[in-house]
Undergrad: 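My structure is below; once you've seen it, I'll send some questions.
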Amino acid sequence: MKEKIRTLLEDVLPLVDFDSDFLFSELDSLGVTTILMTLSDEYGIKLESLDATPRNFKTLDSIVEMVERKLAEK
């Protein structure tokens, strides 16, 4: 799942370094919104602005964990 999410996000945000340990600091509000919308559409889950926390967006791994949690709740 991690590689699929990486590919999806690199396609829509090519200038972002998804290997960063401080991913949240590299994103502006448009980048965060783009990630939420892309993953919501791809996985059929509901991601909202409340999900856009530094904890959920710290690294690519934390984004994957957020998606997995949402899928488990579905």
Undergrad: Rounded at 0.5 Å granularity, tell me how far OG in S40 sits from CD1 in I45.
TA: 5.5 Å
Undergrad: Going by atom type alone, with no hydrogens or angles, which donor-acceptor pairs under 3.5 Å involve a side-chain atom of residues 27-39 and a protein atom two or more places apart or on another chain?
TA:
from: D28; atom 1: OD1; to: L30; atom 2: N; distance (Å): 3.3
from: D28; atom 1: OD1; to: G31; atom 2: N; distance (Å): 2.7
from: T33; atom 1: OG1; to: S29; atom 2: O; distance (Å): 2.9
from: T34; atom 1: OG1; to: L30; atom 2: O; distance (Å): 2.7
from: T38; atom 1: OG1; to: T34; atom 2: O; distance (Å): 2.7

Undergrad: Let me confirm one number: the CG-CD distance from L60 to E10, rounded to the nearest 0.5 Å.
TA: 8.0 Å
Undergrad: May I ask whether F22 and I63 are part of the same hydrophobic cluster, defined by side-chain heavy atoms of I, L, V, M, F, W, Y residues being less than 4.5 angstrom apart, directly or through others?
TA: no
Undergrad: Please name the pair of heavy atoms, one in V64 and one in K2, separated by the smallest distance, quoted to 0.1 Å.
TA: CG2-CA, 3.8 Å
Undergrad: Would you call R6 and D19 a salt bridge, taking side-chain N to carboxylate O under 4.0 Å as the test?
TA: yes
Undergrad: Looking at D51, is its backbone amide N or carbonyl O close enough to the side chain of N56 to form a donor-acceptor pair, meaning the two atoms are under 3.5 Å apart?
TA: yes
Undergrad: Which heavy atom of Y43 sits nearest to which heavy atom of M1, and what is that distance?
TA: OH-CG, 3.8 Å
Undergrad: Return the CE to CD distance between M66 and E68, rounded to the nearest 0.5 Å.
TA: 11.0 Å
Undergrad: Atom NZ of K70 and atom CD of E65: how far apart are they, to the nearest 0.5 Å?
TA: 14.0 Å
Undergrad: Indicate yes or no: at least one non-hydrogen side-chain atom of L23 is less than 4.5 angstrom from one of F57.
TA: no
Undergrad: Okay, side chain of E26, backbone of S20: is any donor-acceptor separation there less than 3.5 Å?
TA: no
